[in-house]
Amino acid sequence: MNKHFDEAYRILAANDRGGYTVPTDRLYPFQWNWDSAFVAMGFATFDIDRAYRELERLTEGQWEDGMIPHIVFHQPSDTYFPGPDVWRTSHTIPTSGITQPPVFGIALRAVHEAAETAGSEDAKARTLTLFHAALKWHRWWYSARDPEGTGLVALLHPWESGSDNSPAWDIALSRVPTSTETAVVRKDTGHVDAAMRPRDEDYRRFIHLVDTYAACGWNPVQQWEKAPFKVAEVQTTAILLKAGEDLLHLAGVLGLDEAAEELAVYNLLTRNALQAQWRPQLSRFVSRDLISNEDIDAPTHAGFIPLLALDLDKDIVDAAAAEMRLWSNGMKVAFPTTKPFVGSFEAKRYWRGPSWAIINWLLIDGLARNGLTDMAAGLRSNTVSAIETEGFAEYFDPITGEGCGGLGFSWTGAAYLCLAE
Ligand code: GLC
């Protein structure tokens with residue numbers, strides 16, 4: 001064990017707020033959905049009980065309709081905007097009203113397998129409860145976010161993608177008015193350099209969407225009708241499919257035949273739909289703007305995430321790999337979240353260029369799944385050495401390699417524990 005492992009353990013311990021982990025102190029003082037799923041996989045490498053706890057505490061925020069919110073506000077904090085008063089939701093504990101990529105099912109399988117290996121006695125019971133929560137959430141995705149049964153799930157707010165200010169949203173978001181009922185009092189720029197954060201105008205649009213959905217009483221059917229932003233998204237859909245495969249596997253282990261059948265139907269539908277989003281002329285997959293009914297062809301990392309959940313033909317794999325190599329060429333830390341040097345690329349601004357350890361983690365798994373073993377190994381060692389050089393930053397400037405955003409980040413710690421092993 002080197003000192004970086006110790007540092008990763010120390011960060012997870014420092015960000016522990018009692019069975020759940022904050023992404024980082026002050027900037028993100030609550031429990032975030034997909035952060036916790038990655039963190040649970042990190043915990044599973046050394047503390048099975050704590051790994052389960054992370055997922056269990058997240059499900060305390062699960063709504064009656066199955067949605068697991070993007071933030072669970074377990075305890076008050078005044079260092080973050082927008083807080084519970086802006087979301088105006090009505091769950092037993094305060095939560096946001098939108099969701100985030102469903103990494104949960106992927107994490108549950110990883111935690112379960114680590115528990116089995118460790119001979120943990122209550123593994124099966126704990127997995128079973130969490131399995132039901134996950135299945136309920138997947139049903140919500142298919143009913144609330146794909147009411148027409150296309151197989152692709154849609155996001156109603158850019159934050160649901162986890163890639164908040166990605167250039168992928170520029171056109172769709174520009175239609176959203178900047179007017180808000182809620183006063184926008186940003187706190188993020190008090191913790192981190194404003195040049196690294198989303199712009200003010202975008203923040204007003206983000207809050208306009210929250211106001212719109214709060215006015216629908218967070219009812220999914222009404223939101224679907226009223227949504228001024230609606231994107232059938234490939235990163236989220238690919239994660240949903242991979243999680244669906246992992247849940248299907250767990251259904252087998254747990255002997256849940258009906259759940260297995262249900263998941264197999266979802267997975268088949270989504271596999272075909274996702275496959276159809278490949279664009280040979282771009283050498284990547286694309287999302288779809290459901291308001292304009294057009295492809296979103298902004299060049300972002302999301303176009304390669306489907307490798308995680310699909311077993312692709314060799315010509316597609318070769319084309320995607322060639323395109324990924326092109327984007328990585330000359331980068332100190334791959335993989336850039338926007339294609340370098342196109343107009344929307346900004347090396348330090350959040351999701352408009354920087355490399356993120358958890359995105360690399362998903363890409364590494366996708367490359368490995370599709371037989372690109374060397375590329376997967378290259379990206380893995382690049383990610384590990386970026387962290388060893390710069391520390392557990394929120395993300396990295398791909399050109400200089402500099403660690404940016406918040407420091408002492410939980411999911412960067414978890415990524416290190418899982419990738420450096
Ligand atoms: C930002 C990121 C999102 C993450 C959250 C907490 O909002 O865009 O992906 O979940 O911070 O780390």
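One-based numbering, in listed order, for ligands and for the atoms of each. Residues: numbered from 1 along the sequence shown.
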Could you tell me, atom by atom, which parts of ligand 1 come under 4.0 Å of a heavy atom of Trp411?
4 (C), 9 (O), 10 (O)
Of Trp159, Trp32, Tyr350, Phe409, the residue with the heavy atom nearest atom 2 (C) of ligand 1 is Tyr350
To the nearest 0.5 Å, what is the distance between CG on Leu250 and CZ on Arg109?
7.0 Å
Parallel, tilted or perpendicular, judged at 30° and 60°: which one describes the rings of Trp411 and Trp34?
perpendicular
Hey, is ligand 1 close enough to Trp34 that some N/O pair sits below 3.5 Å?
yes
Pairwise side-chain contact, Lys332 with Ile399, heavy-atom cut-off 4.5 Å (strictly under):
no
Show, in sequence, the C-alpha distance, side-chain angles and deciding distance for Gln235 and His301, and conclude whether the side chain to side chain donor-acceptor pair (under 3.5 Å) test is met.
CA-CA 9 Å; Gln235 171 166 290; His301 73 281; 2.7 Å; yes
Nitrogen or oxygen atoms of Asp35 and ligand 1 under 3.5 Å apart
yes
Can you tell me if His70 contacts ligand 1 (heavy atom of the residue under 4.0 Å from the ligand)?
no
Validate the cation-pi geometry between Arg279 and Phe285: distance from NZ or CZ to the six-membered ring centre under 6.0 Å, angle to the ring axis within 45°.
no
Counting from 1 in the order shown, the ligand 1 atoms closer than 4.0 Å to a non-hydrogen atom of Pro23 are 6 (C), 12 (O)
Might you confirm whether atom CD1 of Ile171 has over 12 heavy atoms from other residues, nucleotides or ligands at distances under 6.0 Å?
no
Point-to-point distance, once rounded to the nearest 0.5 Å, from CD of Glu60 to CD1 of Ile93
5.0 Å
For ligand 1, is there an N or O atom under 3.5 Å from any N or O atom of Tyr28?
yes
Is any N or O atom of Gln100, backbone or side chain, closer than 3.5 Å to an N or O atom of ligand 1?
yes
Interfacing atoms of ligand 1 (cut-off 4.0 Å, heavy-atom, Gly162)
2 (C), 3 (C), 8 (O), 9 (O)
Distance to 0.1 Å, residue and atom name: give those for the protein heavy atom nearest to atom 8 (O) of ligand 1.
Asp164 OD1, 2.6 Å
